[in-house]
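Notes follow once the structure below has been shown.
Positions are given from 1, in the same order as the sequence printed here.
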Amino acid sequence: MIKNRLFQGQFPWRIFSRVVLIQSLIILTSFLITGLAARVYFQTRLGRYAPPETLNTTLHIYNFGLGLFLAVMSLILCFFAYVLARRLVFPLGRILIKAKGLLNQERDLEESQNSYQLHELAEEAFGEWSDLESSIEDIRHQLENKTESLSLEREELATLMSAISEAILAVDLQGAPLFFNSRFALLFEKRELSSKKHFWELFREPEILDAFQNSLKEGSSNSIKAISFEQSTGKRFFSVSVSPLKKDRGAIYGAVGVFHDVTDLVRAEQIRIDFVANVSHELRTPLTAIKGYADTLILDSLNGIPPTTEYLEVITRNTDRLMSLINDLLDLSNLESSDPVQKSRVETRELTDRVVHQMQGVFEKKDQTVTVKIDTPSVMADPRRIEQVLVNLLDNAHKYTPKSGEISVYWGIYDDKNNEKTTRLNVIDSGPG
């Protein structure tokens with residue numbers, strides 16, 4: 001392959017031809033001057049002793065012999081000039097090919113070079129040419145190793161960036177994207193980002209624009225706790241951290257922003273706020289009634305008026321309501337705690353009869369009837385918590401079942417999604433639902 005390239009324009013023909021021509025001209029000129037000088041000297045010396053006829057004949061023979069000698073020697077010396085030029089210039093041709101190979105990153109160069117050097121030009125490399133060629137070869141190997149190393153690092157970085165759960169965007173000093181990971185493209189639906197766009201075209205939020213601008217101009221790190229983005233899937237919240245990108249000497253060449261999805265945290269915080277507000281409202285209502293009737297009883301007592309049974313019943317009823325709310329909060333706290341569930345064999349008939357008996361007085365006040373049907377004699381469950389579940393279900397059924405209504409408890413066996421037998425507790429009431 002290289003041999004073909006040598007004869008297709010990459011071989012230094014101009015240098016080769018000049019070297020051959022110059023050497024040939026020098027050799028021919030030297031021989032010609034030497035021959036002419038010898039002829040003049042021979043003619044001068046011979047003219048003193050020989051007659052003119054003999055001199056002319058001798059000079060004619062001399063001229064013919066000198067011309068023949070110069071012609072033969074010129075051919076021989078030109079051949080040696082060609083060989084010398086070849087040994088001098090062919091290594092330069094290989095060096096040119098290798099130098100161009102460094103620029104073109106030709107992968108098939110090494111094999112073709114080795115083949116050509118072994119079979120065609122093994123005797124041509126010598127001296128500093130060989131050292132220069134070896135140095136270029138070393139440079140090529142180092143560049144290939146460095147290129148391969150950079151390619152591996154690029155693949156590793158791309159894999160790492162894709163695996164990171166946070167969205168990442170880096171921009172240069174002009175605000176054009178340097179790189180971004182797949183998470184960013186997925187969350188912000190920017191799959192067609194290009195270097196022609198700028199980050200102020202991607203975001204309209206002033207906080208983000210100011211954070212990137214400060215990092216690019218002042219080299220400072222900025223953070224935004226929670227900022228909302230309207231997306232096709234709804235509103236989402238992100239905390240954003242922006243830091244400058246610096247070179248080894250500290251010069252800023254861009255900024256990188258990390259977008260962490262905090263939507264779940266924001267929603268959980270909002271749920272907590274709403275929960276506290278609702279609990280406060282629910283607690284305030286019975287407390288207000290208790291305080292109002294208690295103050296009334298105090299005034300009646302000061303005025304000598306005996307306590308009214310109605311007032312006491314209102315206080316008792318609201319106290320029970322307050323205790324129920326507190327118990328619900330305690331139950332919720334216990335359910336959210338990390339205490340492991342202690343399962344054991346629970347007899348469903350015994351559990352149900354005990355709970356119904358405990359709540360019998362509640363049911364009698366509204367003349368409600370409770371029926372129990374059990375197809376599962378026992379289950380594996382936490383006895384305390386399964387009892388709590390049954391109490392809550394029956395209490396809820398009692399509240400929403402009218403007077404003389406019916407409530408039924410059924411422990412049944414059903415097939416789950418995997419066609420395996422499972423137990424289900426059903427509490428059915430005749431209320432509005």
Side-chain angles (χ1 to χ4, degrees), residues 271 274-275 278-279 281-290 293 308-337 339 341-433:
I271 291 174
D274 295 341
F275 176 77
N278 291 332
V279 169
H281 175 73
E282 293 294 332
L283 291 176
R284 181 179 298 175
T285 300
L287 286 175
T288 300
I290 292 172
Y293 283 98
T308 305
T309 304
E310 181 182 357
Y311 292 172
L312 296 175
E313 290 178 350
V314 171
I315 293 175
T316 301
R317 186 167 60 251
N318 283 277
T319 301
D320 293 338
R321 181 181 177 186
L322 187 61
M323 288 297 298
S324 178
L325 289 173
I326 294 175
N327 290 331
D328 290 341
L329 292 177
L330 292 175
D331 294 339
L332 180 62
S333 176
N334 291 332
L335 290 175
E336 293 181 347
S337 66
D339 295 337
V341 176
Q342 302 294 332
K343 290 186 177 182
S344 62
R345 181 64 61 180
V346 178
E347 300 296 331
T348 55
R349 171 64 69 177
E350 178 185 353
L351 171 65
T352 306
D353 291 343
R354 183 172 64 251
V355 172
V356 172
H357 180 73
Q358 292 174 358
M359 302 181 64
Q360 188 64 40
V362 176
F363 297 133
E364 289 179 351
K365 289 182 178 180
K366 297 179 68 173
D367 195 22
Q368 295 170 340
T369 303
V370 179
T371 59
V372 178
K373 181 181 179 181
I374 295 177
D375 290 337
T376 305
S378 63
V379 294
M380 289 296 297
D382 187 314
R384 181 176 59 86
R385 293 186 177 180
I386 194 66
E387 180 178 352
Q388 183 181 14
V389 168
L390 183 56
V391 169
N392 290 338
L393 292 175
L394 287 174
D395 181 66
N396 185 73
H398 157 72
K399 292 179 181 179
Y400 294 97
T401 300
K403 290 184 176 181
S404 302
E406 294 183 358
I407 300 173
S408 61
V409 179
Y410 175 56
W411 293 86
I413 300 178
Y414 299 87
D415 293 330
D416 60 10
K417 296 180 179 180
N418 298 324
N419 294 325
E420 295 181 359
K421 300 298 182 180
T422 183
T423 301
R424 182 186 302 172
L425 170 61
N426 296 282
V427 177
I428 306 170
D429 61 64
S430 57

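- Annotation: the span from Ile386 atom CD1 to Lys343 atom NZ amounts to 10.0 Å, rounded to 0.5 Å.
- With sequence neighbours left out, Asn426 forms a side-chain hydrogen bond (donor to acceptor under 3.5 Å, both in side chains) with Tyr414.
- Once rounded to the nearest 0.5 Å, the distance linking CG of Leu390 with CG of Leu425 reads 6.0 Å.
- For Glu350, the side chain to side chain contact (heavy atoms under 4.5 Å, CB included) partners at least two apart in sequence or on another chain are Glu347, Arg354.
- With sequence neighbours left out, Thr423 forms a side chain to side chain contact (heavy atoms under 4.5 Å, CB included) with Thr376, Val379, Trp411.
- Checking side-chain atoms of Ser408 against main-chain N and O of Thr371 turns up no donor-acceptor pair under 3.5 Å.
- Dense packing is recorded around NZ of Lys366, with more than 12 heavy atoms of other residues, nucleotides or ligands lying under 6.0 Å away.
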Pair up each side-chain donor or acceptor in residues 391-399 with any protein partner under 3.5 Å, not counting sequence neighbours, and list the distances.
from: Asn392; atom 1: ND2; to: Gln388; atom 2: O; distance (Å): 3.3
from: Asp395; atom 1: OD2; to: Lys399; atom 2: NZ; distance (Å): 3.3
from: His398; atom 1: ND1; to: Gln368; atom 2: OE1; distance (Å): 2.9

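- Under the rule for a side-chain hydrogen bond (donor to acceptor under 3.5 Å, both in side chains), Thr309 has no partner lying at least two apart in sequence or in another chain.
- Separating the CG atom in Leu287 from the OG1 atom in Thr319 is a distance of 8.5 Å, to the nearest 0.5 Å.
- Rounding to the nearest 0.5 Å places OH of Tyr400 at 10.5 Å from CG of Asp429.
- For Ser378, the side-chain hydrogen bond (donor to acceptor under 3.5 Å, both in side chains) criterion is met by Arg345, not counting sequence neighbours.
- Put simply, the residue from Val427, Thr352, Val372, Asp375 that forms a side-chain contact (heavy atoms from CB on, under 4.5 Å) with Tyr410 is Asp375.
- Remark: Pro383 engages Ser344, Val346 in a side chain to side chain contact (heavy atoms under 4.5 Å, CB included) (not counting sequence neighbours).
- Lys365 pairs by the salt bridge (Lys or Arg N to Asp or Glu O under 4.0 Å) definition with nothing, not counting sequence neighbours.
- Residues meeting the side-chain hydrogen bond (donor to acceptor under 3.5 Å, both in side chains) test with Asn278, sequence neighbours left out: none.
- Annotation: side chain to side chain contact (heavy atoms under 4.5 Å, CB included) contacts of Arg284 (sequence neighbours excluded): Thr288.
- Taken to the nearest 0.5 Å, the OG1 atom of Thr285 stands 10.5 Å off from the CG atom of Leu322.
- In this structure, CD on Glu364 lies 10.5 Å from OG1 on Thr369, to the nearest 0.5 angstrom.
- Around atom CD of Gln360, more than 12 heavy atoms belonging to other residues, nucleotides or ligands sit under 6.0 Å away.
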